[in-house]
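A note on names: the letters A, B, ... follow the listed sequences, proteins ahead of strands, and every chain is numbered from 1. What you see is a predicted model, and the numbers here were worked out from it, not measured in a lab.
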Amino acid sequence: RISQKFTDIFRNISGKSTISEKNIREAVDEIKITLLEADVNLRVVRRFINRTIEEASGEKVLKAVDPGQQFVKIVYDRLVALLGDERKDLNLKGPDTHSVILLMGLQGSGKTTTSAKLALKLKKEGRRPILVAADLVRPAAVKQLQILGEQVGVEVYSEESKDAVRVVKNALAYSKKKSFNTIIIDTAGRLHLDDAMMKEIKKISDISKPVETLFIADAMTGQSAVTIAKEFHERIGISGVILSKFDSDARGGAAISLKSVTGQPLKFIGVGEKMEDLEPFYPERIASRILG
Amino acid sequence: LFTTEKISDHFFEDLEDMLIESDLGAKTSLELVEKLRKEIKRNTIVNEKEFIKTVRDYLSEYLIVDDFKPDENKLNIIMILGVNGVGKTTTIAKLASYYKKEFNMTSVLSAGDTFRAAAIDQLIYHGDKLNMRVVHQQQGSDPGSVIFDSIDSAFSRGEKIIIADTAGRMHNRDNLVKELKKINKIISNKVSDGIYKKFLVIDATTGQNGIRQAESFNEAVGLDGIIMAKYDSASKGGIIIPICRDLKIPVLFLGTGEGYDDFIKFDRENFLNYLLG
Ligand SMILES: Nc1nc2c(ncn2[C@@H]2O[C@H](COP(=O)(O)OP(=O)(O)OP(=O)(O)O)[C@@H](O)[C@H]2O)c(=O)[nH]1
Ligand SMILES: Nc1nc2c(ncn2[C@@H]2O[C@H](COP(=O)(O)OP(=O)(O)OP(=O)(O)O)[C@@H](O)[C@H]2O)c(=O)[nH]1
Ligand SMILES: [Mg+2]
Ligand SMILES: [Mg+2]
């Protein structure tokens, strides 16, 4: 749809006349609205736009036979470049040592489901994963993980306890004894505004020394994605992002906000409730979805 | 006293930014700012105080707020629906607690999410804590049949309120929407002389997709109200504004945390105060 809008804006420009500043401005306004309606954060949109204008005012568009299409291409390419990252595989240590993957995020973002999905994926790849039920707050959270663990055939470490840090400590000791090489820790949903809960996850991170601290974010998150991710990144440190519920029809602009504010790679997307519904993150796919 | 020169473009830009960053959406924010520019041109706004008041008035007008008090003389069934993870199950517990505290009415909780792992356990936990009965079958059973049973058993025991949980579902999954329609039909047919309400739960951190959710579910089964959970997050929950304005569905409550008391009736003034900083 945005390519049609650009075609309309540049419709009356033939190969020999030049594109006016007005055309560029109109096109830029269209991108701005498209990105905002796709839930990309306003400040991120601004930065993106400013850099795009420079390129759009350049030779390529001005001399193009179809400036509208050229414009779309520039925007699309820039989004892909922004989203892309070579580090998008899980950064795990070798199979004869321990790798801890810590999952964190807001309430209901998909952590428990995603931790089981990751366990299944890693098991299929020949690793020996164990799931740690470190959400001791939500009713039936441990049971939920146990059921999912059973579904994917991965052991779940859990304890009758209210102390998540203690459970993680014991889980690490247990995992070493039993030679699991990948320890996936599911944690309670929390707000960055909750000091006690942020302290808890900081402690969990300190004692487990994860190779991956994954922020699980809901694909439908709006403008506040930036504030949230920034806090988690500054206080705990995010090594990667997983965007869940991408099977919704949310445009997923939060992906851009998250990447741009943390600088960390988007690793996977969740595309459903089943354990197989985890896919690698492809920037091209996300970029075209954001552009609608 | 200010004139159109005094209200700089900067002023409009700042307002537009604030509305967009509160998730009102680009379209709604721009429309509002355009309306204000026209008012300024017509000199109907003469000072800053009036400007702020006008913004508030417009936003207030967009909001539709309502209340629902169960009828003590009838069977009231409330179906709670929404996409995955927004806070439906927790909201049911809060709603049941609210009706107990405010009107001394006890609810029967219907475990209509027969799909997700430990969904039934989660609701049973709440039922225990609240001392309210939970009607459930085993995982994987037909949600329509659970709700059917809940209505029968509540009716035979003279219970007045049933709050039915449903599985989270994406509004763009046809088979899931079909299932919801089926459940809706079962309830409508069975509660012909009772009161039947359908409340959508949305997450306050949701962006523009919130409108899509409300629109699709409204089209599928018809919505009587919206409850916005997780209002205690960093989000201003501005998405409720285009939902109310465009779809004419009232907002009823806000969820402000994970406890039963973290539940308040939607208050227009407080909401706007917080939104406009
Ligand atoms: N459609 C869809 N649903 C998902 C996806 N990931 C998770 N869900 C669903 O989203 C809901 C919440 O998932 P959970 O895994 O419980 O989320 P959580 O982050 O662990 O929640 P808390 O522990 O309460 O913070 C459940 O209904 C899941 O089945 C996804 O990729 N697509
Ligand atoms: N901070 C905060 N968390 C909430 C609120 N409402 C619900 N939650 C949390 O959000 C998470 C998901 O809540 P649920 O009630 O399981 O959500 P749901 O819509 O039933 O999820 P599914 O059944 O999986 O689709 C839980 O961790 C809740 O404690 C709220 O108002 N504020
Ligand atoms: Mg969880
Ligand atoms: Mg639920």
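- Looking only at heavy-atom pairs under 4.5 Å with chain B, the residue among L106(A), D247(A), V137(A) that has the most is D247(A).
- Looking at R190(A), there are no atoms closer than 4.5 Å to chain B (heavy atoms on both sides), in backbone or side chain.
- Side-chain contact check for N209(B) and D249(A): at least one donor-acceptor pair (N or O, by modelled atom type) lies under 3.5 Å.
- Side chains of T205(B) and S235(B): no donor on one and acceptor on the other come within 3.5 Å.
- Counting heavy-atom pairs under 4.5 Å between each of H192(A), R43(A), Q151(A) and chain B puts R43(A) at the top.
- Among P139(A), A140(A), G108(A), the residue making the largest number of heavy-atom pairs under 4.5 Å with chain B is P139(A).
- For D121(B), the parts lying near chain A are the backbone and the side chain together; criterion is any non-hydrogen pair under 4.5 Å.
- In this structure, a donor-acceptor pair under 3.5 Å is present between the side chains of D165(B) and T89(B).
- With chain A as the partner, the residue from I211(B), V86(B), D17(B) showing the most heavy-atom pairs under 4.5 Å is D17(B).
- Using a 3.5 Å distance cut-off with no hydrogens or angles, the side chains of E273(A) and N84(B) do pair a donor with an acceptor.
- The parts of E37(A) that come within reach of chain B are both its backbone and its side chain, each placing non-hydrogen atoms under 4.5 angstrom from that chain.
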Give the intermediate values and the outcome of side-chain hydrogen bond (donor to acceptor under 3.5 Å, both in side chains) for residues D135(A) and T187(A). CA-CA 5 Å; D135(A) 176 355; T187(A) 63; over 6 Å; no
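- Looking only at heavy-atom pairs under 4.5 Å with chain A, the residue among Q139(B), K230(B), Q208(B) that has the most is Q208(B).
- Of the listed residues (D203(B), D232(B), V83(B)), the greatest number of heavy-atom pairs within a distance under 4.5 Å of chain A belongs to D232(B).
- Rounding to the nearest 0.5 Å places CE of M220(A) at 11.0 Å from CD1 of I239(B).
- The line from CG of L36(B) to CG of L32(B) is 5.0 Å long, rounded to the nearest 0.5 Å.
- In this structure, chain A has a heavy atom under 4.5 Å from the side chain of L30(B), while its backbone stays farther away.
- Side-chain contact of E179(B) with N175(B): a donor-acceptor pair under 3.5 Å is absent, judged by distance alone.
- Neither the backbone nor the side chain of D194(A) comes within contact range of chain B; no heavy atoms are under 4.5 Å apart.
- Among the candidates H171(B), K129(B), K27(B), the residue making the largest number of heavy-atom pairs closer than 4.5 Å to chain A is H171(B).
- Interface remark: of the candidates K32(A), Q146(A), E231(A), R46(A), R46(A) forms the most heavy-atom pairs closer than 4.5 Å to chain B.
- Between the side chains of R56(B) and N273(B), at least one donor-acceptor pair of N or O atoms lies under 3.5 Å.
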